[in-house]
Amino acid sequence: LRSKVMKAEKMEVVSHLASSISHEVRNPLTVVRGFLQMMMQGDLSKEKRDEFLTISISEIDRANLIIRDYLTFAKPKPENLEKFDVSEELSHLKDLISPLANMNSITIETKLESFIIEGERQLFQQCLLNIVKNCIEAMPDSGVLSIEVRNMESKVSIKISDTGIGMSEEQIARIGEPYFTTKGRNGTGLGMLSAIRIIEMMKGTMRISSELHKGTTFIISFPNTA
Ligand code: ADP
Ligand code: MG
């Protein structure tokens with residue numbers, strides 16, 4: 001019975017995210033199609049043409065941003081449980097984001113203890129990637145990203161913190177709300193929503209503390225399932 005319940009929840013998570021993503025991608029495609037159609041009708045000044053082309057390119061970039069960040073969810077796969085070491089995954093994640101961190105002159109500090117959990121490795125990676133990417137984006141000109149994994153026997157505690165712009169009380173309260181973003185056209189407001197859904201699905205918890213202009217800390221825990 002228990003596994004049945006978990007599966008139902010999971011399908012709901014996946015289908016919800018997939019529909020958010022297809023909606024988000026369809027909008028820019030519709031805009032581009034409209035512009036192409038207008039251009040086909042001819043009789044446009046060079047300025048108008050250039051304007052339409054510029055908007056089209058930026059809309060395609062936007063669709064690409066959404067697909068790149070959230071594609072994982074658009075392809076629901078059969079159940080794929082694996083045993084993996086949380087610290088090994090975070091070490092991979094560190095390598096993956098190093099170039100991005102370098103561009104913002106961010107130092108990454110890690111303290112990793114081994115802890116094995118059972119879950120979907122790909123979703124786990126996506127979850128942590130979404131959180132860490134936000135931390136990097138919160139430090140546009142230098143800072144420290146700290147990643148700590150503590151083995152607490154009955155659970156694992158993952159602490160991710162940045163020395164970035166921080167969040168107001170109001171912003172913290174809105175974290176995980178679909179499409180909540182402070183990044184305008186560069187944001188989707190889907191990253192934290194996805195992360196929170198994955199954490200819930202894996203029976204984990206997340207606490208956020210943040211101070212404006214000081215930084216933000218995420219503490220994510222998962223029970224010992226291995
Ligand atoms: P996006 O990154 O596309 O804006 P997310 O769902 O990933 O969407 O994040 C939503 C919002 O939460 C961000 O726009 C930002 O305002 C806030 N946020 C998330 N993580 C951090 C962080 N580490 N520091 C400051 N703000 C953050
Ligand atoms: Mg994000």
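We use all heavy atoms of the structure for the numbers below, so side chains are in, but hydrogens, waters and symmetry mates are not. As the structure lists them, so they are numbered: ligands from 1, and atoms in each ligand from 1.
Neither the backbone nor the side chain of N186 comes within 4.0 Å of ligand 1, counting heavy atoms alone. When heavy-atom distances to ligand 1 are checked against a 4.0 Å cut-off, D162 comes that close only through its side chain, counted from C-beta outward. By the criterion of a heavy-atom distance under 4.0 Å, both the backbone and the side chain of T181 are placed next to ligand 1. Heavy atoms of M192 found under 4.0 angstrom from ligand 1 belong to the backbone as well as the side chain.
No side-chain heavy atom of E153 sits less than 4.5 Å from a side-chain heavy atom of N224. Between N134 and K183, some side-chain heavy-atom pair lies under the 4.5 Å cut-off.
Residue N134: an N/O/S atom is found under 2.8 Å from the Mg ion (ligand 2).
Around CG of D43, the count of heavy atoms belonging to other residues, nucleotides or ligands within 6.0 Å does not exceed 12. Atom CZ of R150 sits in a sparse spot, with 12 or fewer heavy atoms from other residues, nucleotides or ligands closer than 6.0 Å.
Looking at ligand 1, you'll find an N or O of G189 within less than 3.5 Å of one of its N or O atoms. Ligand 1 has no N or O atom lying under 3.5 Å from any N or O atom of N130, backbone or side chain.
Contacts classified as salt bridge (charged side-chain N to carboxylate O under 4.0 Å, His left out) and involving residues 211-224 (residues at least two apart or in different chains) are given here: E211-K214.
Counted by atom type alone, T216 and S210 present one or more donor-acceptor pairs between their side chains at under 3.5 Å.
Ligand 1 lies less than 4.0 angstrom from a heavy atom belonging to T216. Residue contacts with ligand 1: G164 is excluded, as none of its non-hydrogen atoms falls under 4.0 Å. Using a non-hydrogen distance threshold of 4.0 Å, M167 registers as a contact of ligand 1.
Applying the 4.0 Å criterion to heavy atoms of G166 picks out, from ligand 1, the atoms 25 (C). Listed by number with element, the atoms of ligand 1 under 4.0 Å from a non-hydrogen atom of G191 are 5 (P), 6 (O), 7 (O). Residue-ligand proximity, C135 to ligand 1, at heavy-atom distances under 4.0 Å covers atoms 23 (N). Residue G187 has at least one heavy-atom neighbour below 4.0 Å for each of these atoms of ligand 1: 3 (O), 4 (O).
Closest heavy-atom approach to atom 24 (N) of ligand 1 within the set A138, A195, S161: this belongs to A138. The residue among T182, L190, L212 with a heavy atom at the shortest distance from atom 14 (O) of ligand 1 is T182.
When I220, I117, T225 are each tested for a side chain to side chain contact (heavy atoms under 4.5 Å, CB included) with M202, only one passes: I117.
With ring centers used as reference points, F124 lies under 6.0 Å from F222.
Look at K48 and E51 and you find a salt bridge, because one of the NZ, NE, NH1 or NH2 atoms lies within 4.0 Å of a carboxylate O, short of that distance.
Placement of L129 and I131 within a single hydrophobic cluster is found when ILVMFWY residues are connected by side-chain heavy-atom separations under 4.5 Å, directly or transitively.
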